Engineer: 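First, the structure itself, so that you have it in front of you.
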Amino acid sequence: MSQANPGTAPRGLVTRFLDGVERAGNKLPDPAMLFLILMLAVWALSALLANVSFSEVDPRSGEAIVINNLLAGGSVAAFMATMVATFVNFAPLGVVLVAMMGLGVAEHTGFINAALRSILSVTPKMLLTPVLVAVGILSHVAVDAGYVLVIPLGAVIFYAAGRHPLAGIAAAFAGVSGGFSATLIVPSSLDPLLAGLTQEAGHILDAGLTVNPLNNYFFTTASCVLIILVGWFLTDRVIEPRLRNTEVDGDMSEMPRMDALGPRQRRGLLVSVLAMAAGALVLLLTALPEASAWRAPAAAVGPGENSLLVSAAPLMQSIVALIFVFFLIPGVVYGYVAGTVKSHRDVIGGMSKTMSAMGYYIVMAFFAAQFIYAFAQSNLGALIAIKGANWLQAMGFPMGLTIIGIVLLSGLVNLMVGSASAKWALIGAIMVPMLMQLGVSPDLTQAAYRVGDSSTNIITPLMPYFPLIVVFCQRYVKSAGIGTLLALMLPFSVTLLVLWTAFLLGFWALGVPLGVDSSYVYPAG
């Protein structure tokens, strides 16, 4: 892909601002070192605040919150004793490595390249962006699979179509993470998870409260239209024009080509797609029966929930393994039929090649895991979240401003606490009953939280998958860093925060139902 020389395109105000964000962000230490510095800062801050008494009550224990001194002898010993387990059990690590092995084989044998070339030959170039954002939203059905599947493929698809690969990463990241709370037709596993936490929080005030798992379904489904339009406009009109001067200097031999498929490649693609379809059919036939081993036990399924889609279902817990298999099989089949694989050694070589490319991510994951462990153990995140919720209550805003306050508070806390469910378990236990007393329904509080949480997902380096996206960027632009990704995603984050909040306020003002059995006020009706 040819790139314009620096300085040949006019630089508008927004572009110059984003260039400044990129330069400043890239001056930050290497992501691995940044996590180490932040961990040391958490240690020091925990020691300073350990003897300070706080009046805020931790909803998990019902007692005043206490900051744990991570520099105490026992804490240091526990940190050292659990260092290996903390790293090995770091959730994104296994997800990424297992999924990437299957994808690596499919890429090494040429299956992904051939499939993309075939798809792009019949897909209008102007529709690539909205389709990619929509696929990113749809990937939420598979929990975190979009981070390791859709985002790297977004770069490949854009590059193969003659567009800048970082624009593809940005569009896919906006759909996968910026639109994390949206649901494209099919509810995600996040819906029942958050609704369950909301119900538990509401029981603090009303023991008979029930929250439907689809209480935000209408709002989150309608939000897909907004996210796709925002992603489409910003990618094509803001992000990609700004990237015209950014040279793609990765290894060109590793990047896809748009040459026409030969006879053996077409035959290999046909047979491999049939093999993938056969695997999907087998999965479908084994999952449909009520007694299927893929379903969650009845005790783990709540009212209105699908036993295949709840987080306790073996099917949901096997998503990463299924990604591995569903790309390994067609990758191997394509390789043998198209002649790109001669023996099993070539297949193992494809896996090994992918793992060698993930070395940098593994190093970053180690330091990220240690920081997240330290931050959780210190209780600093809990203190910040609870203070923010209590401040919101003390301000006594009208409902419209209260909704905006919930969104902004959730977005702010999201910059420090990555997990959507862990964060909601923490601040939801404060905000839900607090706002119920002000006449705000748990359904509306949860919807506002989801807007703030999703909108800032894409600009927090502390989100577990953020370092992985940086690695994807570096595959195409070697100088890419944290600042590069922040500058790419900041327009999406700000625009989503403003327009999605306005969209929620529009739902509220017009009285459009948020979801099934939902309301805007408490008590309902």
Side-chain angles (χ1 to χ4, degrees), residues 1-27 116 120 123-137 150-179 225-250 252 255-256 258 455-459 469-470 472-500:
M1 175 182 293
S2 62
Q3 299 294 332
N5 293 324
T8 59
R11 314 296 282 177
L13 180 62
V14 173
T15 299
R16 292 197 299 271
F17 170 73
L18 294 176
D19 289 344
V21 171
E22 180 173 358
R23 287 192 297 269
N26 285 342
K27 288 181 180 179
L116 290 176
L120 291 174
T123 303
K125 185 176 179 180
M126 66 172 294
L127 295 181
L128 284 180
T129 303
V131 169
L132 181 58
V133 176
V135 170
I137 296 172
V150 178
I151 294 176
L153 289 184
V156 172
I157 289 171
F158 266 51
Y159 187 81
R163 301 176 64 179
H164 203 291
L166 295 196
I169 288 177
F173 196 15
V176 172
S177 196
V225 177
L226 173 67
I227 294 166
I228 292 171
L229 291 177
V230 168
W232 189 358
F233 177 83
L234 290 178
T235 301
D236 291 1
R237 298 298 181 89
V238 177
I239 303 302
E240 201 157 19
R242 177 177 170 270
L243 290 171
R244 287 176 186 149
N245 297 324
T246 302
E247 181 183 1
V248 177
D249 56 1
M252 298 300 147
M255 298 184 187
M258 280 298 291
S455 298
T456 55
N457 266 342
I458 47 183
I459 59 169
I469 315 304
V470 174
F472 290 150
C473 291
Q474 291 171 342
R475 178 181 178 185
Y476 297 89
V477 179
K478 294 179 181 178
S479 61
I482 291 177
T484 304
L485 189 53
L486 285 176
L488 282 176
M489 304 314 300
L490 188 59
F492 294 98
S493 182
V494 173
T495 305
L496 285 175
L497 195 63
V498 173
L499 295 185
W500 208 352

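The figures here come from the full heavy-atom set of this structure, side chains too, leaving out hydrogens, waters and symmetry mates. Quick caveat: nothing in here was measured; it's all calculated off a predicted structure.
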Engineer: Calculate, to the nearest 0.5 Å, the distance between atoms CZ and CD1 belonging to Phe233 and Ile239 respectively.
Structural biologist: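 Rounded to the nearest 0.5 Å, the CZ-CD1 separation comes to 11.0 Å.
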Engineer: Could you go through Trp232 and Leu132, starting from their C-alpha distance and side-chain angles, then the distance that decides it, and tell me whether this counts as side-chain contact (heavy atoms from CB on, under 4.5 Å)?
Structural biologist: CA-CA 9 Å; Trp232 189 358; Leu132 181 58; over 6 Å; no
Engineer: Quick one: pull up CG in Leu234 and CG in Leu229 and give me the separation to the nearest 0.5 Å.
Structural biologist: 10.5 Å
Engineer: Is a side-chain donor or acceptor of Ser493 paired with a backbone partner of Met489 at a separation under 3.5 angstrom?
Structural biologist: no
Engineer: Would you sort out whether Ile169 and Phe158 count as a side-chain contact (heavy atoms from CB on, under 4.5 Å), showing the intermediate values?
Structural biologist: CA-CA 9 Å; Ile169 288 177; Phe158 266 51; over 6 Å; no
Engineer: Kindly give the heavy-atom pair with the smallest separation between Gly231 and Thr235, and that separation in Å.
Structural biologist: O-OG1, 2.6 Å
Engineer: For the OG1 atom of Thr129 and the CD atom of Glu240, what is their distance to the nearest 0.5 Å?
Structural biologist: 6.5 Å
Engineer: Give me the atom names and distance for the closest heavy-atom approach of Ala170 to Leu488.
Structural biologist: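 Minimum heavy-atom separation between Ala170 and Leu488: CB-CB, 4.4 Å.
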Engineer: Among Ile458, Val150, Ile469, which one satisfies side chain to side chain contact (heavy atoms under 4.5 Å, CB included) with Val176?
Structural biologist: Val150
Engineer: How far does CD1 of Ile157 sit from CG of Leu128, to the nearest 0.5 angstrom?
Structural biologist: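 Going from CD1 on Ile157 over to CG on Leu128, the span is 7.0 Å.
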Engineer: Considering all heavy atoms of both residues, which atom of Phe472 and which atom of Tyr476 are nearest to each other, and what is their separation?
Structural biologist: O-CD1, 3.4 Å
Engineer: Can you check side-chain contact (heavy atoms from CB on, under 4.5 Å) on Leu166 and Arg242, steps first, answer last?
Structural biologist: CA-CA 11 Å; Leu166 295 196; Arg242 177 177 170 270; over 6 Å; no
Engineer: Can you tell me if Ser177 uses its side chain to pair, donor with acceptor, with the backbone of Phe173 under 3.5 Å?
Structural biologist: no
Engineer: Test side-chain contact (heavy atoms from CB on, under 4.5 Å) on Arg163 and Leu243 and set out the steps.
Structural biologist: CA-CA 10 Å; Arg163 301 176 64 179; Leu243 290 171; over 6 Å; no
